[in-house]
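Whatever order the structure lists them in is the order used to number ligands and atoms, beginning at 1. All residue numbers refer to positions in the sequence shown, counting from 1.
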Amino acid sequence: MKEIFETFKPEETFHLGFQMGKEATPGQVVTLEGDLGVGKTVFTQGVAKGLEIEEPICSPTFTIVQVYEEGRLPFYHFDVYRIGDVEEMDEIGYEDYVYGDGVSMIEWANLIEEILPEHRTAVKIEKDPSRGFDYRRITIEQIP
Ligand code: ADP
Ligand code: MG
């Protein structure tokens, strides 16, 4: 199933994430694709809020994964932008998170395509300059 949404300000992207977080189930993996500054972290912040996490969510660029245990479900936020080799993911215990009972969110998932789980919710965020600076097209697809 594939759904396409359009947002015109960060709050709307946050809200889409919020809805996903409210409905998230144990073991769910969400992958996020899109260029730098497109809104992946904004979306993730909404998901965290939907999971009732009150702590601020920042991009875990230098640690690869940030773990939040205070919400309705454990939340594992990955940003793999700086990954050199997929083997680095083994070292941080990637599989334990992704095949565990929490909700995993992976920014820049396309960089670790070969180790993504078969079942996942794929979110793609794109700009379209002809529609304005704050416009985003957000495609949410259930795989498979
Ligand atoms: P990424 O994690 O993809 O690199 P961020 O979420 O950190 O991007 O940043 C997105 C930036 O784009 C923020 O500064 C946000 O305010 C801005 N922005 C403008 N319009 C939107 C929109 N419709 N949805 C999400 N973010 C938007
Ligand atoms: Mg980010």
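- By the criterion of a heavy-atom distance under 4.0 Å, both the backbone and the side chain of Asp134 are placed next to ligand 1.
- With respect to Glu6 and Lys127, no salt bridge is recorded, no charged nitrogen being found less than 4.0 Å from a carboxylate O.
- For atom 14 (O) of ligand 1, no protein heavy-atom neighbour is present inside the 4.0 Å cut-off.
- Contact annotation: Asp79 has no heavy atom less than 4.0 Å from any atom of ligand 1.
- Among the backbone and side-chain atoms of Thr41, an N/O/S atom is found under 2.8 Å from the Mg ion (ligand 2).
- In the vicinity of Leu36, heavy-atom distances shorter than 4.0 Å reach the ligand 1 atoms 4 (O).
- Of the listed residues (Val42, Val38, Leu16), the one carrying the non-hydrogen atom nearest atom 6 (O) of ligand 1 is Val42.
- Not one N, O or S atom of Asp79 sits under 2.8 Å from the Mg ion (ligand 2).
- Near Asp35, meaning under 4.0 Å from any of its heavy atoms, are these atoms of ligand 1: 3 (O).
- At a 4.0 Å cut-off, at least one heavy atom of Gly37 sits close enough to ligand 1 to count as contact.
- Not a single N or O atom of Tyr135, backbone or side chain, sits closer than 3.5 Å to an N or O atom of ligand 1.
- Put simply, part of Arg136 is less than 4.0 Å from ligand 1, judged by heavy atoms.
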List the atom pairs, with distances to 0.1 Å, where a side-chain N or O of residues 44-55 and a protein N or O form a donor-acceptor pair under 3.5 Å, not counting sequence neighbours.
from  : atom 1 : to    : atom 2 : distance (Å)
Thr44 : OG1    : Lys40 : O      : 2.8
Gln45 : NE2    : Ile57 : O      : 2.9

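- Glu141 and Lys124 are not joined by a salt bridge, as no carboxylate oxygen comes within less than 4.0 angstrom of a charged side-chain nitrogen.
- Residue contacts with ligand 1, taken as heavy atom pairs separated by less than 4.0 Å, involve Lys9 solely via the backbone atoms N, CA, C and O.
- Atoms of ligand 1 lying under 4.0 Å from at least one heavy atom of Thr13, given by number and element, are 22 (C), 23 (N), 24 (N), 25 (C).
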In residues 93-104, what donor-acceptor pairs under 3.5 Å come from side-chain atoms, sequence neighbours left out?
from  : atom 1 : to     : atom 2 : distance (Å)
Tyr94 : OH     : Ile115 : O      : 2.9

